Protein chains: 2
Amino acid sequence: MNPQSDELDWQDARPLYQVKADMFKGLAHPLRVRILEVLAGGDEVPVTELMRATGLEPSHLSQHLAVLRRHRLVVSERRASFVYYRLAFPEVAQLLTVARRLLVLALEESQDRLSATESLPEIGLQQVPG
Amino acid sequence: MNPQSDELDWQDARPLYQVKADMFKGLAHPLRVRILEVLAGGDEVPVTELMRATGLEPSHLSQHLAVLRRHRLVVSERRASFVYYRLAFPEVAQLLTVARRLLVLALEESQDRLSATESLPEIGLQQVPG
DNA sequence: CTGCGGATTCACAAACTCATCATATCGAGG
DNA sequence: CCTCGATATGATGAGTTTGTGAATCCGCAG
């Protein structure tokens with residue numbers, strides 16, 4: 001198939017939240033996030049490089065790339081005998097950035113909560129009334 | 001279960017892209033996006049209101065709320081006999097905003113492409129070699 | 001045209017997610 | 001203590017996504 005021509009029922013009149021959920025589905029897999037991170041790092045990455053970076057076998061990688069294409073998160077272009085991928089829009093990278101920020105916040109918060117409860121067993125060492 | 005205490009293997013040393021993918025999984029369902037949009041619209045929404053806004057039956061709604069909690073996208077608090085939900089961090093709303101921007105871009109682009117190809121059938125009227 | 005390496009698609013079993021219905025919990029009031 | 005309304009959890013079948021290997025396609029060199 002021409003790498004530039006997946007279509008996914010675009011012309012839809014679906015409610016916006018459904019379309020959004022669909023986009024998030026495209027992001028909802030570790031390997032696909034990994035791939036997008038690599039693409040965000042340098043625009044125009046050949047499949048060969050992605051294979052190296054992810055350690056996936058061609059078929060598996062290609063399927064995830066197809067998912068990303070269908071969700072319009074990346075675009076591909078064939079030049080000579082190699083296919084190059086890049087993010088379809090810079091906003092995709094932004095999505096990853098916000099996600100990381102969010103992650104860090106959640107992590108910090110849960111560490112706070114953790115250390116708070118972890119300090120409990122130490123109480124025996126502190127001054128005790130009596 | 002105490003609505004404030006779902007835990008999802010936090011202390012993990014998983015690669016960051018896996019954790020990110022997990023967060024996107026939490027967003028990858030139309031009803032959950034809908035719920036988050038409602039929560040983004042006014043902080044502190046009672047379940048009753050969410051039920052009204054989404055038209056879901058209690059059990060179904062509750063399950064999606066549980067997913068959102070596990071993914072640390074929302075937090076809940078019980079006061080008197082009602083449970084109130086709100087976004088866990090403002091960044092969650094930002095995620096939705098960026099998603100919408102991205103969506104609009106993708107839509108515009110595909111409309112351009114559409115009108116471009118729709119003009120093709122008219123070619124027969126133009127000058128043809130020979 | 002033929003062969004080749006790069007990349008994609010097919011086919012299908014295994015794993016996961018969703019919707020639904022039944023059951024259980026929590027807190028307020030009687 | 002018992003019941004009621006508000007929420008949450010469990011169990012289950014249906015539907016969807018994923019991983020793997022075989023087969024196919026596409027451009028190019030010979």
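All chains are named by letter (A, B, ...) in the order of the sequence lines, taking the proteins before the strands, and each is independently numbered beginning at 1. The structure presented is a predicted model; accordingly, all values stated were derived computationally and were not measured. Keep in mind that the numbers below use all heavy atoms, side chains included, and drop hydrogens, waters and symmetry copies.
Rounded to a whole Å, the CG atom of A/L50 is 14 Å from the C1' atom of C/dT8. Rounded to an integer number of Å, the gap from CG of B/L65 to P of D/dT9 is 10 Å. Between the CZ atom of B/R34 and the C1' atom of C/dA19 there is a distance of 19 Å, rounded to whole Å. One interatomic measurement links the two molecules: CZ of A/R78 to P of C/dA7, which rounds to 7 Å at whole-angstrom precision. Summarising the geometry, the separation between CZ on A/F82 and P on D/dC28 is reported as 11 Å, rounded to the nearest angstrom. Straight-line distance from the CD atom of B/E57 to the P atom of D/dA6: 15 Å, rounded to whole Å. Atom NE2 in B/H60 sits roughly 14 Å away from atom P in C/dT17 (whole-Å rounding). Taking atom CD on B/Q63 and atom C1' on D/dG13, their separation rounds to 14 Å, with Å as the unit.
When each of A/V67 and B/Y84 is assigned the nucleotide of DNA chain D with its nearest heavy atom, B/Y84 is the one assigned upstream, toward the 5' end.
Annotation: side chain of A/H29 is not in contact with side chain of A/R34 (no heavy-atom distance under 4.5 Å). Looking only at side-chain heavy atoms (C-beta outward), A/L61 and A/I35 come within less than 4.5 Å of each other.
A/R69 and A/Y85 are linked by a side-chain donor-acceptor pair at a separation below 3.5 angstrom, with hydrogens and angles left out of the test. Looking only at atom types and distance, the side chain of A/R78 has no donor-acceptor partner in the side chain of A/Y84 under 3.5 Å away.
Distances shown here put a side-chain N or O of B/Y85 below 4.0 Å from the OP1 or OP2 atom of D/dA8. Proximity of B/H64 to the phosphate of C/dT17: no side-chain N or O atom is located under 4.0 Å from OP1 or OP2.
The pair B/E37-B/R32 does not meet the salt-bridge criterion, since no charged nitrogen lies less than 4.0 angstrom from a carboxylate oxygen.
When distances are taken from the side chain of A/R32 to each of D/dG19, D/dT18, D/dA22, the shortest belongs to D/dT18. You'll find that the side chain of A/A66 is closest to C/dT9, out of C/dT9, D/dT18, D/dT7. For B/S62, taking side-chain heavy atoms from C-beta onward, the closest of the listed nucleotides D/dG19, D/dT7, C/dT8 is D/dT7. The listed nucleotides are D/dT17, C/dA19, C/dT8; the one nearest the side chain of A/K25 is D/dT17.
Under 3.5 Å, the side chain of A/S81 and the base of C/dG6 form no donor-acceptor pair of N or O atoms.
Nucleic acid contact class of B/S59 (heavy atoms, under 4.0 Å, all strands): base.
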